[in-house]
Amino acid sequence: MRASFVFSEVVTGLRRNVTMTIAMILTTAISLAMLGGGLLITQTVDLTKERYLDDIEVSIFLTDDVSANDESCTEDPCAGLRKSLEESDEVETVIYQSRDEAYESFQRIFEEQPELVELARPEALPASLRVRLVDPERADVITEEYEGEAGIAQIQDQGVFLERLIDGLNSFRNITLVGSLALLAAALLLIANMVQISAFTRRTEVGIMRLVGATRWYTQLPFLLEAMVAGVIGAILAAGSLVGLQLFVVDGVLAELREAGIISLPSLLYTVLIVAPVLLISAMVISAITGYVTLRMYVRH
Amino acid sequence: MIRIEDVTKVYKTSTRPALNNVSFEVDKGEFVFVIGPSGSGKSTFLRLLLREETPTKGKIYISNVDVAKMPRRKVPRLRQTIGCVFQDFRLLSNKTVFENVAFALEVIGKPAHTIRKVVPEVLELVGLDGKSDRMPNELSGGEQQRVAIARAFVNRPLMLLADEPTGNLDPDTSQDIMLLLERINRTGTTVLMATHDHSIVDSMRRRVVELEFGKVIRDDARGVYGVGN
Ligand SMILES: Nc1ncnc2c1ncn2[C@@H]1O[C@H](COP(=O)(O)OP(=O)(O)OP(=O)(O)O)[C@@H](O)[C@H]1O
Ligand SMILES: [Mg+2]
């Protein structure tokens with residue numbers, strides 16, 4: 001196969017249908033950018049989960065009575081609760097936090113706001129059992145089992161907050177992926193159209209090629225490569241705009257959330273090393289398959 | 001070289017056969033006119049040889065291979081041994097004379113150094129040396145047909161099929177083209193030419209196969225156009 005011949009055919013073909021080519025490149029780019037965005041959100045969800053799950057605890061707040069009278073959790077019901085929790089297969093560790101310890105940590109957390117610390121009295125803060133679970137996502141099992149038992153005022157699962165955050169991220173990702181699919185359908189039609197137009201404008205050439213005995217590779221490869229080149233340019237644009245978005249928008253707007261440790265964002269390296277190749281390969285595979293099928297269906301060899 | 005046995009071709013969209021039980025043979029190196037009124041099946045016959053169409057019935061042997069039964073992937077090889085020329089030249093208007101001829105070799109994967117060598121040779125053979133950088137629209141009809149012939153012949157085919165190659169040309173230019181086809185024939189290339197042109201057939205005195213309604217009604221070794229009708 002003469003590379004120079006195929007190459008010049010591809011370049012001429014792309015230039016001949018400039019408007020069509022641009023439309024196809026843009027649609028592909030936007031569709032792939034959304035796909036890439038979806039991947040990045042998925043990664044954000046995973047990273048955020050990973051980061052939180054280690055720290056997540058279920059706090060079992062004890063009643064006033066227990067908080068006031070059982071300083072070191074040596075009597076029932078506190079001691080009994082602790083023992084039963086420690087023996088549970090679901091539980092990794094249990095730490096008792098007395099009323100005084102709770103007050104200390106309250107003071108630490110709000111040391112910037114002395115008025116608040118001043119207002120609070122140790123008596124207002126309950127003692128609690130801080131439970132770490134083997135699988136932090138199974139907090140509801142503990143809640144169900146212990147809710148309402150003697151000595152327990154309230155059970156609080158920090159995971160609920162995380163779940164809400166993750167649900168939000170997930171629905172955002174789903175919207176992105178649906179949009180990406182719709183645009184992908186448009187991109188497919190544009191590729192098919194581009195190949196047909198290209199085949200039509202080049203029908204004389206292809207006719208001569210067939211007559212002089214060019215193989216299918218020679219007659220059809222230029223069309224396939226044309227579609228693939230346009231697809232790859234689209235993918236490069238998509239990857240580029242994702243990197244740009246990450247550098248200038250996400251890192252700017254979401255930087256505070258990241259610094260506050262509320263969400264963990266994927267690194268730029270992830271975009272460049274994982275997302276970009278995925279987009280490139282998808283673009284190549286999709287445009288090659290669409291081009292091939294179109295040629296099979298509409299263009300006689 | 002070519003052996004046609006009981007070939008019938010009925011196009012899907014028509015009821016009357018375009019070729020009806022046609023049989024004849026062509027030897028290597030022959031020059032054959034295929035004549036007949038419009039619609040008699042001349043072009044259909046040439047398309048069958050090229051495997052552009054397949055016969056409804058019958059066998060078409062080229063060098064002892066049944067073209068009709070040939071698997072699709074072997075068709076390009078077959079076509080590389082057949083040159084084609086048409087009434088409408090079919091040149092690429094955005095390529096020069098040289099590039100038009102070179103195109104036929106490029107697309108079958110011939111190396112660049114071969115192309116640089118053989119294209120000027122064939123352009124000289126058809127009398128176009130010195131015009132290789134012209135665009136087709138800078139040439140006369142006769143010159144354009146020479147380019148088309150050069151392109152058909154550049155890969156040294158075993159046979160040359162010409163479908164009314166002089167159909168768009170004036171008598172003098174047609175004579176020149178005929179001289180060229182004769183010269184190509186003398187190199188050993190079998191030439192089959194479909195035509196309406198009485199004077200050409202009469203002056204050449206070559207074999208004439210006449211078709212009417214898809215049947216061979218005459219096969220003269222040294223025929224003229226009108227005789228027999
Ligand atoms: N692709 C096709 N589909 C259907 N019918 C066809 C097709 N090509 C040719 N025919 C029919 O087959 C018959 C023979 O056509 P063909 O083109 O072989 O004639 P011809 O001898 O070359 O005529 P002309 O001298 O006008 O070129 C005609 O009746 C024509 O209408
Ligand atoms: Mg015809």
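Lettering follows sequence order; numbering is per chain, from 1. Everything numeric in this text was worked out from a predicted model, so none of it was measured.
With rounding to the nearest 0.5 Å, the separation of CD1 in B/Ile108 from OG1 in A/Thr215 is 10.0 Å. Atom CD in A/Glu205 sits 5.0 Å away from atom CZ in B/Phe103 (nearest 0.5 Å). To the nearest 0.5 Å, atom CG of residue B/Asn100 and atom CD1 of residue A/Ile208 are 6.5 Å apart.
For the set B/Leu91, B/Asn94, B/Val107, the entry with the most heavy-atom pairs within less than 4.5 Å of chain A is B/Val107. Here B/Leu92 is the residue among B/Leu78, B/Val75, B/Leu92 with the most heavy-atom pairs under 4.5 Å with chain A. Note on B/Arg73, B/Arg77, B/Arg151: by heavy-atom pairs under 4.5 Å with chain A, the leading option is B/Arg151.
Between B/Phe86 and A/Leu211 the shortest heavy-atom distance is CE1-CD1, 3.2 Å. Across B/Arg79 and A/Arg210, no two heavy atoms sit closer than the pair CD-O, 3.0 Å.
Identified by a heavy-atom distance below 4.5 Å to chain A, contributing residues of residues 141-150 of chain B are lacking entirely.
Other residues, nucleotides and ligands contribute only 12 or fewer heavy atoms inside 6.0 Å of the CZ atom of A/Phe172. Within 6.0 Å of CZ on A/Phe200 lie no more than 12 heavy atoms contributed by other residues, nucleotides or ligands. For B/Lys59, the NZ atom is loosely surrounded, since the number of other residues' heavy atoms within 6.0 Å does not exceed 12. Environment of CG in B/Asn64: sparse, with no more than 12 heavy atoms of neighbouring residues, nucleotides or ligands closer than 6.0 Å.
Qualifying salt bridge (charged side-chain N to carboxylate O under 4.0 Å, His left out) partners for B/Asp66, counting only residues two or more places apart in sequence or in other chains: B/Lys69. Remark: B/Phe24 pairs with B/Phe45 by the ring pair (Phe, Tyr, Trp, His ring centres under 6.0 Å) rule, at least two apart or across chains.
Legend: side-chain hydrogen bond (donor to acceptor under 3.5 Å, both in side chains) pairs involving residues 182-192 of chain B, not counting sequence neighbours, sorted by first then second residue: B/Glu182-B/Arg206, B/Asn185-B/Arg206, B/Thr187-B/Thr189.
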